[in-house]
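Note sheet for the following structure.
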Amino acid sequence: MKEFRTIGVLTSGGDAPGMNAAARAVVRTALARGVEVYGIYRGYSGLIDGDIRKLGPRDVSNIVNKGGTFLYSDRCLEFKTPEGMAKAVATCKRLGIDGIVAIGGDGTFRGATDLTNHGIPCIGIPATIDNDITSTDNTIGFDTAMNTVIELVDKLRDTCESHARCNVVEVMGRGAGDIALNTAIASGATAVVVPEFPYDDNSICKRIKKGREMGKRNFIVIVSEGVGSEYGPALAKKIEAESGVETKFARLAHIVRGGNPTLVDRVFASRLGVFAAEALLRGESNVVVCERAGELVTLDINFALTMDNMYKNTLKPGQLDKFNEEEIAAMKARIDDRIHNLMQLYTVENKINI
Ligand code: ADP
């Protein structure tokens, strides 16, 4: 088995609150095992440029509670080129980096699998506020983002109540309605619009008109970013025109990506960090750490990414060829499970959204 003397840790892609807690857990777990740790700054860009520093236990003090990522993040296109990859591998060889824990989303895992194929074992930790990684029940930052959304929507609701208004609120989630569905329930929204399920503007307008007739003053409609940036503003105009209720539009956007992580995210990120570092040091690689029904497990990155493509309808021709029937059935079952869970939330929201 490969002996690890030095590992690296990086954060990449969209940042998420709790990335710091995960990186801290990776650093401290490895150091406790006598393994040195390099912090790789600005994601894969830092690996290409050599923007790398050795981290001691105190270098990760006072960050478990902080949003953002002290390692910074980047979207690095050069890493996708053979030249960029060669530079990254050369940096690892020069510094003696035997393996890397990469904290990020599906793009980050694609980079991690490429790097593993070039001889540097990598393990992925899922961190994205959207919770759009099919292989895991939870991602780092999701809980914090949802808590930020409900705090902001509660404020909008106060002013909607005072002025007898409606507010259409667009929340993040590029391909996934998880944030929208959960926060719609938690904030008592009148309606929710997500890409996973059919939506009908006319029925939303009717519901608001009826609510007003029955004396309801405030209305919140949560719209997921995944339905397109034009949708929310257009819906706000339509609601006002059809129901007569003054309607504002708010895009929460990146505000939801910042802020101190919640207890749930701090604990989850710490568990993932410890688990990932231990898995890497016992010789696992090309895997992503996932939570399934409360348990942490590792899943092959190629399997996880292919399942993700299947879920998002972005499979390339032939992509399933390297998987056997059992594996494909497992992917489909997981996808059905995910849709089932989202549908349950959607049903709850619809039952109580008068
Ligand atoms: P996220 O990890 O949040 O999904 P991105 O999709 O931007 O964010 O991916 C993060 C980084 O991972 C990219 O900037 C790039 O450096 C690397 N990456 C993404 N896709 C690939 C790929 N197909 N091959 C190699 N590296 C990739």
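We number each residue from 1, following the sequence as shown. Counting starts at 1 for both ligands and their atoms, following the listed order.
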Test item, Gly43 contacting ligand 1 (heavy atom, 4.0 angstrom): no
Is there a polar contact between ligand 1 and Arg75, counting only N or O atoms under 3.5 Å apart? yes
Yes or no on side-chain contact (heavy atoms from CB on, under 4.5 Å) for Ile179 and Asn131, after CA distance, side-chain angles and deciding distance? CA-CA 8 Å; Ile179 293 180; Asn131 202 38; over 6 Å; no
Atoms of ligand 1 less than 4.0 Å from Gly13 heavy atoms? 1 (P), 2 (O), 3 (O), 8 (O), 10 (C)
Numbered atoms of ligand 1 (with element) below 4.0 Å of Tyr44, judged on heavy atoms: 12 (O), 16 (O), 17 (C)
Flag if over 12 foreign heavy atoms under 6.0 Å of CZ, Arg292: yes
Heavy-atom contacts with Cys76 under 4.0 Å: which atoms of ligand 1 show up? List them by number with element. 13 (C), 14 (O), 15 (C), 16 (O)
For Gly111, the atoms of ligand 1 under 4.0 Å from one of its heavy atoms are 25 (C), 26 (N), 27 (C)
Below 4.0 angstrom from a heavy atom of Gly105, which ligand 1 atoms are there? Numbered from 1 as shown, please. 1 (P), 2 (O), 3 (O), 4 (O)
Please name the residue in the list Lys209, Lys210, Lys216 that meets the salt bridge (charged side-chain N to carboxylate O under 4.0 Å, His left out) test with Glu213. Lys209
Does a salt bridge link Lys248 with Glu246, judged by any charged N lying under 4.0 Å from a carboxylate O? yes
Is Thr108 close to ligand 1, meaning an N/O of one under 3.5 Å from an N/O of the other? yes
Ion pair Asp106/Lys312, N-O distance below 4.0 Å: yes
What heavy-atom pair brings Ser12 and Gly43 nearest, and what distance separates the two atoms? CB-CA, 4.1 Å
Does this structure show an ion pair linking Glu284 with Arg282, if we count only N-O contacts that are shorter than 4.0 Å? yes
Below the 3.5 angstrom mark, is there an N/O of Gly107, backbone or side chain, next to an N/O of ligand 1? yes
Check whether any heavy atom of Asp106 sits under 4.0 Å from an atom of ligand 1. yes
